[in-house]
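All remarks here apply to the structure that follows.
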Number of protein chains: 2
Amino acid sequence: MPIRRSALKSGPAKTETRQATSRGATREQVDAAIRTGLLTGRFIPGKAVTIRGLAAELGVSPMPVREVLQRLAAENALEVKPNGRVQVPDMTPARFDEVLKARLLLEPELAELALPHLTAGAAGDLQSIDDDIDRCLVSGDAEAYMRLNHAFHFSIYRATGSKVLLPLIDSLWLQFAPFMRTVYGRVGTASLVDRHKEAIRAIKLRDKQALRVAIAADISQGMGILGKEILAGT
Amino acid sequence: MPIRRSALKSGPAKTETRQATSRGATREQVDAAIRTGLLTGRFIPGKAVTIRGLAAELGVSPMPVREVLQRLAAENALEVKPNGRVQVPDMTPARFDEVLKARLLLEPELAELALPHLTAGAAGDLQSIDDDIDRCLVSGDAEAYMRLNHAFHFSIYRATGSKVLLPLIDSLWLQFAPFMRTVYGRVGTASLVDRHKEAIRAIKLRDKQALRVAIAADISQGMGILGKEILAGT
DNA sequence: CGTGTCATTTTGTGATCACAAAATCCTGCT
DNA sequence: AGCAGGATTTTGTGATCACAAAATGACACG
């Protein structure tokens, strides 16, 4: 068997005995693995992902993988083709416009809703995340950047305790993240800029309008880079 | 075996032989059955729904039901409790506010995007649906009303060919529809009013701003009735 | 050398099984 | 009668199996 690059694990296959797994623990583990794999761009759009393949990589039976794949397909993070094959959907200009529009409608709203729940401590955490992001930008670690950028935004949104809007935004991120990764692989991270500091300042000043503007600008700017690429490439 | 009210089928159990089922046909059938069951309010919020129970009602093995339930849980149409039981989440004031806010953000937007695709023929179809709705309101058929109201809105939204915003709105409807049904069962359909005729007129006039206003007003008004109930009842 | 055809393998799907946790029911006691 | 405790049933979960469809590869023919 040829040694091929695993999309989910870098180390050798874990063969530990299954133990102390409470109700539905295996599925959660599989779900988390695939989900973070999508958010950090470890899956290539257009490339088919097989149930048995993932199951083997994660050392579980195909069963939990099947259910997780169905879940992610329901969130439009994955696409089930008519023949049953499942793959990361590739980005089209129309899809991209829709994702951008939806993000601009929902995320500033949720950020504003989060503002009353964001304490000074939360602002400090965001500051810390943003510092890490800056380090990733200069070092060019695209995967870490994507993970931290996700953490930055969702640290804000999660403060709302939202059970409706937050999952919608979650779905949106899962849809554009894999595409984002391919672009960063092409243009690097040096050209990336964000409005995180502006957002942090707005949070500290408790200025909800400024926060909306900062988040919206951050989205427009970040997605703008992607948008130019999608029109340039095929 | 006692004859109990089936949540999905009104007639006797179909025992036809499985045949000519192409790839994934069983799952699609189960998905459609449960989904329309949710949209027409045939499931009671808070009432647990069992895999084996649904499988028996639909005459299939538990397997496709499991996957469909996972899908619907991913869309927040169903809730998986920590012990694995699955149920229709019951509405809370916070959830309700969020759904309303999300609908007001997304649906007018998608309606406006749909306008260029809505031909005169489409307007006629909407008119026809709205006429049926009016008949349901006087006859008091809540289930038919819900199905037709859904058809009215989504006939508009689907015209966009949207692959991102439309699924988000789909998820929202699945979340409030079951709750809607319980309210209608309590207050009847006589007090229901909508802004559909206003929307149809806006479409005919190709007035996108008027269409936005009509859709937003329709949502606010329809949800307003529900909102009062959720505060009144527990 | 390209191309169509056929055999082989891979893959998704639905069903069934085994097991543990949870819920339910029944019983016996106060 | 009310209630606690245990036995029984129900239920979700993960694994495995059988089957058909699809993808892949090999191979002969033009």
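A note on names: the letters A, B, ... follow the listed sequences, proteins ahead of strands, and every chain is numbered from 1.
The nearest pair of heavy atoms linking B:R147 to B:T40 is CB-CG2, 4.1 Å.
For the pair B:R23 CZ and C:dT13 C1', the interatomic distance rounds to 7 Å; values are reported in whole Å. To the nearest angstrom, P of C:dG12 lies 17 Å from CD of B:E28. Between the CD atom of B:E57 and the C1' atom of D:dT11 there is a distance of 16 Å, rounded to whole Å. If you measure from atom CD1 of A:I51 to atom P of D:dG14, you get 15 Å, rounded to the nearest angstrom. We find that CG of B:L69 is positioned 15 Å from P of C:dG14, with the value rounded to whole Å. Here D:dT10 presents its C1' atom at 15 Å from CG of B:L54, a figure rounded to the nearest Å. Atom CZ in B:R52 sits roughly 7 Å away from atom C1' in D:dG12 (whole-Å rounding). As rounded to whole Å, 12 Å separates atom C1' of C:dG12 from atom CE of B:M63.
For residues 74-87 of chain A, proximity to DNA chain D is found at A:N83, A:R85, defined as any non-hydrogen atom under 4.0 angstrom from a strand atom.
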Mind running ring-ring contact (aromatic ring centres under 6.0 Å, His included) on A:F176 and A:F96 for me, showing each step along the way?
-> CA-CA 8 Å; A:F176 74 80; A:F96 183 81; 8.4 Å; no

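Salt bridge absent: A:D31 and A:R27 never bring a charged side-chain N and a carboxylate O closer than 4.0 Å. A salt bridge is absent between A:E67 and B:R71: the closest approach of a Lys/Arg side-chain nitrogen to an acidic carboxylate oxygen does not fall below 4.0 angstrom.
In this structure, B:S171 contributes its side chain and B:E75 its backbone to a donor-acceptor pair below 3.5 Å.
Rounding to the nearest 0.5 Å gives a distance of 5.0 Å between CG of B:L168 and CG of A:L172.
The phosphate of C:dA15 (OP1 or OP2) has a side-chain N or O of B:S61 nearer than 4.0 angstrom.
Considering only the side chain of A:T50, C:dG12 comes nearest among C:dG12, C:dA15, C:dT16.
Between the side chain of A:R27 and the base of D:dG14 there is no donor-acceptor pair of N/O atoms closer than 3.5 Å. Contact annotation: side chain of A:R66 to base of C:dG14, donor-acceptor pair present below 3.5 Å.
The aromatic rings of A:F154 and A:Y157 sit perpendicular, their planes meeting at an angle over 60°, well past the 30° parallel limit.
Note on B:V65: nothing from the nucleic acid sits closer than 4.0 angstrom, heavy atoms only.
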